[in-house]
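The structure appears right after this line, and notes come after that.
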Amino acid sequence: MKFSLNIDHVATLRNARGESQPEPITAALLAEQAGVDGIVVHLREDRRHINERDVRLLRELISTKLDLEMAATKEIIQIACDVGPELATIVPEKRKELTTEGGINVLDQIELLKDTTNRLQDANIEVSFFIEPDIHQIDASAEIGADFIEIHTGVFANAESEEERFDELERIRGAVNHARKLGLGVNAGHGLNYQNIKIFRELEGIDEVSIGQAVIAQAVFVGLKEAVQEMMRLIGS
Ligand code: PXP
């Protein structure tokens, strides 16, 4: 299982006072030195954390892999095609949410997602859909021609009992197996942390986990390199 670090909240901290520090690009380069497999950022419509300059600097300077989380809107698709991340992960986006609240509903927007996927793939960008671990969503993603799905792990992460957590893990296991049979790559993320990753890492068939908040929070206390390497030890990557 590979590990990509989401650095959105380095930009959140920078933007809190309208200052220029800390720079997300510095975090990305330090994380790469610590051994991450890729860098993830979400360029939101309201630019609440990552901005266009960050994305362009990352494209220029990182040497691993750039995963751009994005809504399927005209403006952001154009920026993605221009910048050329290795992977574009399509997420739903609501202005009022604190963070992404769940997967996209592929079945509701087949034509829009087909068009978005074609445009991104024509620009040599692989495409991933952030979805719930649901067979119908997976089938529709494969039909449209996505390269990857990213399974939303928020329900697993926020489970209020061991039983609920176990049930969701089994649902994710079934989804991973189904997606692999259809030839899709499988990533996962949202709410994964230093505790729940110990159970999650036992799942087979997941290419990569995308983790942000927990690692950036830990970095405040122990430094980014130590926080990243602690997570890498737990993932076993
Ligand atoms: N994957 C996706 C699609 C996300 O939107 C997020 C949150 O930005 C993450 C992974 C990482 O979630 P977290 O910050 O909770 O680790």
Side-chain angles (χ1 to χ4, degrees), residues 1-13 15 24 27-28 31 36-51 54-55 58 65-73 76 80 85-106 113 116 126-134 137 141 146-159 168 172 175 185-198 200-201 206-220 224 227-228 230-232 234-235 237:
M1 208 181 265
K2 291 182 181 167
F3 165 40
S4 276
L5 179 69
N6 180 313
I7 57 168
D8 288 348
H9 294 313
V10 176
T12 303
L13 189 56
N15 297 359
V36 295
D37 297 293
I39 301 295
V40 188
V41 288
H42 184 175
L43 183 66
R44 296 184 77 104
E45 192 191 3
D46 63 8
R47 308 292 197 270
R48 68 175 68 160
H49 36 58
I50 291 294
N51 60 38
D54 296 326
V55 178
L58 288 163
K65 191 189 83 181
L66 182 60
D67 174 2
L68 183 66
E69 286 181 15
M70 53 177 275
T73 64
I76 305 286
E86 277 79 9
L87 183 69
T89 299
I90 310 300
V91 299
E93 195 173 297
K94 296 184 203 138
R95 274 191 174 242
K96 289 199 177 136
E97 68 191 356
L98 282 178
T99 179
T100 313
E101 287 167 350
I104 49 171
N105 190 339
V106 182
L113 290 173
T116 303
E126 288 197 298
V127 176
S128 178
F129 292 166
F130 181 57
I131 57 171
E132 300 300 318
D134 176 273
Q137 298 291 340
S141 304
D147 302 285
F148 285 83
I149 55 163
E150 179 178 330
I151 294 180
H152 175 231
T153 52
V155 176
F156 164 79
N158 296 325
E168 185 61 10
I172 294 174
V186 183
N187 298 331
H190 206 87
L192 296 175
N193 60 35
Y194 293 92
Q195 283 74 44
N196 61 28
I197 195 69
K198 293 175 196 159
F200 196 78
R201 70 174 175 199
I206 294 186
D207 292 297
E208 186 164 295
V209 284
S210 161
I211 307 178
Q213 164 82 26
V215 177
I216 301 304
Q218 180 72 347
V220 171
L224 188 60
V228 163
E230 202 177 324
M231 185 56 84
M232 286 173 61
L234 291 173
I235 294 171
S237 68

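For ligands, and for the atoms within them, numbers begin at 1 and follow the listed sequence.
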| task | Counting heavy atoms only, name the option from His190, His9, His152 that's nearest to atom 6 (C) of ligand 1. | result | His190

| request: I would like to know whether Asp54 and Val41 meet side chain to side chain contact (heavy atoms under 4.5 Å, CB included); could you show each step before the answer? | output: CA-CA 9 Å; Asp54 296 326; Val41 288; over 6 Å; no

| query | Would Leu224 and Ile216 satisfy side chain to side chain contact (heavy atoms under 4.5 Å, CB included), going step by step from the backbone distance to the final call? | reply | CA-CA 7 Å; Leu224 188 60; Ile216 301 304; 4.2 Å; yes

| field | Heavy-atom gap Val91 to ligand 1 smaller than 4.0 Å | value | yes

| query | Contact between Ser210 and ligand 1, counting heavy atoms under 4.0 Å? | reply | yes

Provide the number and element of each atom of ligand 1 under 4.0 Å from a heavy atom of [X].
{"X": "Gln213", "result": "13 (P), 14 (O), 16 (O)"}
{"X": "Gly191", "result": "12 (O), 13 (P), 15 (O), 16 (O)"}
{"X": "Asn6", "result": "8 (O)"}
{"X": "Ile211", "result": "16 (O)"}

| query | For ligand 1, is any non-hydrogen atom under 4.0 Å from Glu150's backbone (N, CA, C, O), its side chain (CB onward), both, or neither? | reply | side chain

| task | Could you see which bit of Glu69 sits under 4.0 Å from ligand 1, with heavy atoms only: side chain, backbone, both or neither? | result | side chain

| Any side-chain donor near an acceptor of the partner, Glu150 and Ser128, under 3.5 Å | no

| task | Nearest 0.5 Å please: distance from the CD1 atom of Ile211 over to the CD1 atom of Ile235. | result | 4.5 Å

| Whether over 12 other heavy atoms sit under 6.0 Å from Lys65 NZ | yes

| query | Would you say Val228 and Phe3 make side-chain contact, with heavy atoms under 4.5 Å? | reply | yes

| Which word best sums up how the rings of Phe200 and Phe156 line up, parallel for under 30°, tilted for 30 to 60°, or perpendicular for over 60°? | tilted

